[in-house]
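In what follows, residues are counted from 1 in the order of the sequence shown. In listed order, ligands and their atoms are each counted from 1.
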Amino acid sequence: MAFLAMLLVGLLLFPLSAIAQSYQNVSLGSSLTTSDVTSFWPSPSDEFAFGFQKIGNESRYLLAIWFNKITDKTIVWSANRNNLALDGSKVQLSADGRLVLTDPNGQEMWAHGMANAELAYGAMLDNGNFVLATSSSDTLWQSLNEPTDTILPGQVLNQGNRLVSSFSDTNISSGRFEFILQTDGNLVLYTVNYPAEATNTAYWSPMSVGSGYQVIFNQSGFIFLQAKNGTLTNLISSNVENSRSQSMYHRAILEYDGVFRHYVHPKSSGREPMAWSSLYNIPDNICLSIRQGTGGGACGFNSLCSIGTDQRPRCDCPLGYILDDPNDKLGSCRQNFSEQNCNQESREVESFTFHEMLNTNWPDSDYESHRDVSEDWCRQNCLSDCFCAVAIYSDDNICWKKRYPLSNGRVGPTIGGKALIKIRKDNSTMGSPNVEIRKKKNQSTLIISGSVLLASSVFMNLILILLALVYIFKFKGKKRKRTASYSAVPGVNLRSFSYKELEQATNGFKEELGTGAFSTVYKAVLDDENGKVVAVKKLRNMVTEGEVEEVFEAEVNSISRTNHKNLVQLLGFCNEGQHRLLVYEHMKAGSIAHLLFKDSRLSWSKRVQVAIDTAKGLCYLHEECSTQIIHCDIKPQNVLLDENLTAKIADFGMAKLLKKHQTQTTTRIRGTKGYVAPDWFRSMPVTVKVDVYSFGVLLLGLICCRKNYEQDVANENEMILLEWAYDLWSMSFHISKTMVYKCVLSFIYTTIT
Ligand SMILES: *[C@@H]1O[C@H](CO)[C@@H](O)[C@H](O)[C@H]1NC(C)=O
Ligand SMILES: *[C@@H]1O[C@H](CO)[C@@H](O)[C@H](O)[C@H]1NC(C)=O
Ligand SMILES: *[C@@H]1O[C@H](CO)[C@@H](O)[C@H](O)[C@H]1NC(C)=O
Ligand SMILES: *[C@@H]1O[C@H](CO)[C@@H](O)[C@H](O)[C@H]1NC(C)=O
Ligand SMILES: *[C@@H]1O[C@H](CO)[C@@H](O)[C@H](O)[C@H]1NC(C)=O
Ligand SMILES: *[C@@H]1O[C@H](CO)[C@@H](O)[C@H](O)[C@H]1NC(C)=O
Ligand SMILES: *[C@@H]1O[C@H](CO)[C@@H](O)[C@H](O)[C@H]1NC(C)=O
């Protein structure tokens with residue numbers, strides 16, 4: 001045992017750089033065949049391997065280099081991605097000094113450059129490089145010089161070198177995006193007009209122009225662009241986990257979705273999570289970054305790109321459109337109806353209708369625009385124009401008419417205007433929900449894409465949200481009479497309500513859903529939106545003075561720019577006279593306070609999910625949305641559940657809103673006793689940490705199914721949950737463990753019930 005332990009320690013401490021120098025030679029004449037994928041040429045430490053990997057389930061093989069010690073066996077280089085080898089193929093280090101891949105008939109499929117009589121051996125190195133070398137160890141050829149879509153630490157891209165993405169998450173052949181250090185010194189990302197090599201305009205490039213000489217991925221996990229004189233001109237990705245760089249594998253890859261991502265993966269097992277996680281990606285939002293005159297954009301033509309909470313783009317066909325190639329989920333969509341007749345006599349105007357989508361646009365597909373027109377005019381005009389595939393009615397009363405095929409389609413909270421998508425009134429196409437659900441298929445068969453697919457559950461959630469939105473908009477399309485506009489806040493699709501409308505909808509503010517220090521929430525039914533149920537929050541103590549209205553709208557605007565599945569969505573507002581109201585989506589299942597502290601306890605797994613959901617929402621507010629939002633009042637009453645029991649944070653953005661509206665004399669703390677971080681009382685600056693503290697208290701509440709403060713307890717010590725937990729924690733160091741067991745038992749009890 002002791003020996004083993006020493007061996008392990010020795011292995012761990014052994015400097016990697018030293019290992020990286022040693023070679024495990026492949027001698028001339030050696031070969032590998034597809035019939036035995038368990039044999040390969042490993043690197044000395046076994047971290048990388050060179051050999052065949054089976055792709056898909058149809059006996060196709062890729063000659064590749066992969067991370068050999070991780071379960072994913074992630075591929076970092078390949079020879080024949082566009083021409084997979086059949087069963088019976090062979091790779092050989094031939095006697096004439098070449099590395100050759102031959103098909104079952106002995107025909108050459110791939111070979112590295114020239115035959116070289118000096119070739120003495122090949123070797124898979126510990127840095128992921130496969131080299132062919134002379135007897136004096138001079139390198140004749142190395143795989144690092146011919147990257148596919150991945151670069152590794154130690155690797156350099158010279159001018160003219162490029163990474164080409166794979167075609168899709170399940171198809172590794174070269175695809176539609178390129179990352180290239182051009183010979184003019186510019187580092188750029190391009191979309192390729194697949195399958196030809198022609199590129200469209202670049203969609204990303206760092207600030208420095210024309211000074212790039214090499215892209216370097218150094219051993220400490222930094223990726224940067226370097227000028228010829230050795231100065232660093234642009235840091236592309238920095239290794240935020242610098243201290244742990246030796247315990248992590250790194251790779252940077254241009255993925256099939258056009259995003260260049262820097263990934264890390266723990267080397268030793270036991271470190272969670274044992275999967276690739278993304279450190280950095282460019283561009284930030286590929287849906288918005290790609291906007292070019294030719295090409296479809298981030299997705300194919302007529303498709304709509306949106307970014308999931310996992311930062312991955314999704315492509316969806318609008319209602320009435322279907323995928324051109326059902327297997328190409330990121331590809332173009334086409335109309336699933338016969339096109340409009342352009343004949344003057346029979347324009348078929350009455351056979352067409354619009355599918356309405358907010359926050360949607362296809363910029364640059366316009367062929368005509370009309371200013372200062374009404375939406376109805378825009379609709380009629382597009383309906384009777386057989387060239388018009390989509391009209392965008394913008395907030396400033398402009399009607400933009402767009403032609404088929406539509407390009408650069410995107411959906412997102414920052415996109416203004418209303419898209420009117422013209423479709424044929426046909427029961428068959430109207431009946432099905434619009435969004436093509438693009439299921440990931442057969443993930444397990446493709447090892448290469450394992451890491452790419454990690455976040456597919458997030459995808460599913462996004463799909464659900466999209467579907468829900470679609471249903472809402474679909475039904476709304478029928479009622480055109482409504483006068484309320486969506487244009488009260490430029491660029492954001494919020495509905496502005498009149499006080500009277502809300503008074504009616506709430507039936508005179510009759511049914512109270514909840515009440516807080518500054519507001520009361522009422523249930524409301526929007527008759528003009530098919531009886532949709534919403535929650536109307538009426539703010540109290542609002543002082544009307546000077547610019548108050550502007551401030552209110554600015555704040556509402558910033559709240560409305562948030563968009564996350566774990567946040568309660570703001571739908572509209574009313575800002576009229578002294579009335580300030582906010583309209584939110586209605587959360588059927590109410591707050592978790594209601595479910596936790598009353599008779600019907602949530603199951604353990606549900607509570608875990610609530611904790612995760614809340615954390616995700618909080619993380620978004622703190623780190624992911626464009627302006628950081630500190631909630632300041634995280635407590636069970638502010639975590640609501642929808643009908644699927646997805647937890648959503650409510651009441652965010654209020655801290656700022658209320659502060660600006662309070663008179664100077666009111667310096668009331670917004671938080672709730674028991675959940676407020678002690679910092680606040682010490683008049684320290686309020687940071688996101690106050691929310692983290694409150695979240696901690698909430699977590700304890702979730703675990704123990706009780707309020708922070710409860711009078712009705714057996715033992716006086718247990719009255720304040722926080723203090724009880726602290727006592728248990730500090731006692732667990734020295735005293736008997738019974739108290740701890742008690743808490744554990746109470747977990748188990750609640751898990752069972
Ligand atoms: C291969 O996988 C596809 C789905 O990915 C499936 O339809 C097909 O039947 C499979 N073929 C074999 C030979 O298993
Ligand atoms: C690999 O071959 C080279 C050249 O023949 C030699 O110098 C080196 O020692 C060999 N390495 C191993 C591990 O056999
Ligand atoms: C991958 O996509 C390309 C381009 O559409 C296609 O030609 C090829 O057959 C696909 N390969 C596989 C294995 O599906
Ligand atoms: C990698 O690059 C970063 C940034 O330039 C630098 O701080 C670091 O020392 C470099 N590491 C190595 C091993 O060169
Ligand atoms: C190195 O080259 C860059 C870009 O060409 C230039 O901006 C910088 O001043 C140069 N630095 C030195 C020390 O020459
Ligand atoms: C659509 O359905 C309705 C009733 O189900 C039918 O009357 C109408 O003819 C259908 N229209 C088309 C275009 O099929
Ligand atoms: C496409 O149109 C056909 C015929 O109108 C219909 O049967 C089919 O369901 C439609 N497909 C989709 C995805 O809407």
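Of all heavy-atom pairs spanning Cys317 and Leu323, the tightest one is SG-N, 3.6 Å.
For Tyr203 and Tyr190, the distance between ring centers is not under 6.0 angstrom.
Checked against the 2.5 Å cut-off, the SG-SG distance between Cys305 and Cys299 does not fall under it. Across the pair Cys378 and Cys399, the gap between the SG atoms, which is the quantity tested here, stays under 2.5 Å. SG atoms of Cys382 and Cys388 are separated by less than 2.5 angstrom, consistent with a disulfide link.
Distance remark: protein heavy atom present below 4.0 angstrom from atom 14 (O) of ligand 5. Under the 4.0 Å distance rule, the nearest protein heavy atom to atom 5 (O) of ligand 4 falls inside the cut-off. For atom 11 (N) of ligand 5, the nearest protein heavy atom is under 4.0 Å away.
Protein heavy atom nearest atom 9 (O) of ligand 4, with residue, atom name and distance: Ser220 OG, 4.4 Å. Protein heavy atom nearest atom 1 (C) of ligand 4, with residue, atom name and distance: Asn218 ND2, 1.4 Å. Of all protein heavy atoms, the one lying nearest to atom 3 (C) of ligand 5 is Asn229 ND2, 3.7 Å.
Close approach to Asn336 involves these atoms of ligand 7, each under 4.0 Å from a residue heavy atom: 1 (C), 2 (O), 3 (C), 8 (C), 10 (C), 11 (N), 12 (C), 14 (O). Those atoms of ligand 4 with a heavy atom of Phe224 less than 4.0 angstrom away are 2 (O). Taking every non-hydrogen atom of Thr231 and a distance limit under 4.0 Å, the qualifying atoms of ligand 5 come out as 1 (C), 2 (O), 3 (C), 11 (N).
Thr646 and Asn644 are not linked by any side-chain donor-acceptor pair at a separation below 3.5 angstrom, with hydrogens and angles left out of the test. Side-chain atoms of Asn186 and Ser205 include no donor-acceptor pair closer than 3.5 Å.
Residue contacts with ligand 4 for Leu232 involve side-chain atoms from C-beta outward but no N, CA, C or O (heavy atoms, distance under 4.0 Å).
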